[in-house]
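Working notes, structure below.
For clarity, every value in this text was computed on a predicted model and none was experimentally measured.
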Amino acid sequence: MIGPVNLADDMLESLAQALAGAPVPRVRALHLPPAPWNGSKDGEFGALELDDGSLGLSYVLQDGALAELMQARPGLGLRGADALEVAQSWAHGAGAMRTLGFAAVNALTRHLFNRAGYVPPAATDSIAGLAPRRGEHIGMVGFFPPLVKQVTACGARLTVLELRPELAGPREGYHITLDARELQGCDKVLSTSTVLLNDTLDEVLAHCEHAQAFAMIGPGASCLPDPLFRRGVTLLGGTWITDAEGFTVALARGAPWGAHARKSAIARPAYPGIEALLAAASR
């Protein structure tokens, strides 16, 4: 793990270094789901598109970001903007601009991967290969109701960390808490990528030092892995868009976009690292 370096600044510095000496991509468009939210997972994310076709996703339901972006979109002046400058809003902006900045981080990551010819491996399951076993203590950061049974069915103990007080308390076969300290005894941890937007990742990781695996999953977990791996994340499970046009059309309609993307899983031991990827891109 690394010292107390701000994650967003670390990520942005890594991206700037990776882009040094090459043209910085420009923003082509912002794609948003219909507002108000239709209640589906497909309506929870927006996408920033770069001029090379790279798309980066970001969760848009936090702090009213979707409504704010919808209202401001005609005047945002994004088309033609330097994507790295837009990405700075993740570290130094507020509200919906942070959401937009994080989408730019993910789009720039896809741009770099494309340049290097790197395609992340496909995910083998929905719980990041954690393979919980009887007697293990599993932590879940963010409540994933569809995944709970996959953990508890094998006899593992499950502790879920949430920010919403109304969810806290004991459940059948697991426990939901508001206290990150309850993750300290976990053997493995599965986290939502929204910790990257609500600034809770460093606090969570501080209580997971003894976990043998810390996997982060979700469409937003498609950023540059290097700064996260340095902090103790062991797997990044994001979304790899396979059909950009089909994806953006479905997103705008509020329709399912899963047919135009697949889940990816980048494990720390198998990831070549940004320096190796850039070397491959320069050949």
Side-chain angles (χ1 to χ4, degrees), residues 6-16 25-50 54-111 141-142 162-164 191-204 216-224 227-228 236-241 244 247-248 250-252 254 257 261:
N6 178 275
L7 170 62
D9 286 335
D10 188 10
M11 183 78 71
L12 290 167
E13 182 178 350
S14 296
L15 285 170
R26 300 281 165 171
V27 175
R28 177 182 292 167
L30 172 63
H31 303 280
L32 295 173
W37 178 46
N38 61 10
S40 74
K41 181 179 179 180
D42 303 293
E44 296 178 355
F45 293 87
L48 194 72
E49 182 181 1
L50 305 186
S54 297
L55 289 169
L57 302 181
S58 187
Y59 184 73
V60 294
L61 297 187
Q62 186 167 306
D63 301 327
L66 177 57
E68 186 178 339
L69 287 171
M70 277 289 194
Q71 184 175 9
R73 180 160 54 174
L76 282 173
L78 284 174
R79 187 174 180 85
D82 181 311
L84 193 56
E85 290 184 5
V86 176
Q88 294 290 329
S89 295
W90 178 40
H92 308 294
M97 292 308 297
R98 290 197 74 238
T99 299
L100 194 60
F102 186 60
V105 166
N106 281 333
L108 286 168
T109 299
R110 177 62 187 261
H111 165 77
V141 182
E162 255 293 342
L163 293 176
R164 293 171 289 177
S191 173
T192 172
S193 59
T194 54
V195 295
L196 300 174
L197 279 175
N198 61 25
D199 293 323
T200 59
L201 176 62
D202 287 336
E203 178 189 0
V204 168
M216 182 182 296
I217 64 172
S222 304
C223 51
L224 194 64
L228 294 168
L236 202 57
T239 293
W240 184 260
I241 297 172
F247 180 93
T248 56
L251 180 69
W257 40 257

*Is there side-chain contact between Val195 and Met216, with heavy atoms separated by less than 4.5 Å?*
yes

*Can you see which heavy atom on Cys223 is nearest to which on Leu236, and at what distance?*
O-CD2, 3.5 Å

*Quick one: do Leu201 and Val141 satisfy side-chain contact (heavy atoms from CB on, under 4.5 Å)? Show the steps, please.*
CA-CA 10 Å; Leu201 176 62; Val141 182; over 6 Å; no

*What distance do Ser58 atom OG and Leu197 atom CG have between them, rounded to the nearest 0.5 Å?*
4.5 Å

*Nearest non-hydrogen partners of Leu224 and Ser14, listed with the distance*: CD2-CB, 3.6 Å

*Tell me, please, which residues at least two apart from Glu44 pass side chain to side chain contact (heavy atoms under 4.5 Å, CB included).*
Trp37, Lys41, Tyr59, Leu61

*Value rounded to 0.5 Å, distance of CD1 in Ile241 from CH2 in Trp257*: 7.5 Å

*side-chain contact (heavy atoms from CB on, under 4.5 Å) between Leu12 and Val105, worked out*: CA-CA 8 Å; Leu12 290 167; Val105 166; 4.1 Å; yes

*Side-chain contact test, heavy atoms from C-beta onward, threshold under 4.5 Å: evaluate it for Ser191 versus Ile217 and give yes or no.*
no

_Distance check, rounded to the nearest 0.5 Å: Thr248 atom OG1 versus Leu30 atom CG?_
11.5 Å

*Rounded to the nearest 0.5 Å, how far does OG1 of Thr99 lie from CG of Asp63?*
7.5 Å

*asked:* Under the criterion side-chain contact (heavy atoms from CB on, under 4.5 Å), I'd like the reasoning laid out for Thr200 against Thr194: C-alpha separation, chi angles, the key distance, then a yes or no.
replied: CA-CA 9 Å; Thr200 59; Thr194 54; over 6 Å; no

*asked:* What's the separation between atom CG in Leu7 and atom CE in Met11, rounded to the nearest 0.5 Å?
replied: 5.0 Å

*Give a yes or no on whether the backbone of Leu251 and the side-chain of Asp42 come within a donor-acceptor separation of less than 3.5 Å.*
no

*Taking the side chain as every heavy atom from C-beta outward, state whether Pro33 and Val60 have any atom pair closer than 4.5 Å.*
yes

*asked:* If you compare all heavy atoms of Leu55 against all heavy atoms of His31, which two are closest, and at what distance to 0.1 Å?
replied: CD2-CD2, 4.1 Å

*What closest approach, in Å, do Thr239 and Ala261 show between heavy atoms, and which atom pair accounts for it?*
CG2-CB, 3.6 Å

*asked:* Checking Phe247 against Leu57 for the side-chain contact (heavy atoms from CB on, under 4.5 Å) test, could you report, in this order, the C-alpha distance in whole Å, the side-chain angles of both residues, the deciding distance, and whether it holds?
replied: CA-CA 11 Å; Phe247 180 93; Leu57 302 181; 3.4 Å; yes

*Of all the heavy-atom pairs spanning Val27 and Leu78, show the shortest one and how long it is.*
CB-O, 3.3 Å

May I have the list of side-chain donor-acceptor pairs in residues 86-97 shorter than 3.5 Å, sequence neighbours left out?
from	atom 1	to	atom 2	distance (Å)
Ser89	OG	Val86	O	3.4
Trp90	NE1	Leu196	O	3.0
His92	NE2	Asp9	OD1	3.4

*Short side-chain to backbone donor-acceptor contact, Arg79 and Arg28, under 3.5 Å*: yes

_To the nearest 0.5 Å, what is the distance between CZ on Arg98 and CG on Asn198?_
8.5 Å

*asked:* For Ala252, give me all partners under side chain to side chain contact (heavy atoms under 4.5 Å, CB included), at least two apart in sequence or on another chain.
replied: none

*Of all heavy-atom pairs between Phe45 and Gly220, which one has the smallest distance, and what is that distance?*
CE2-N, 4.0 Å

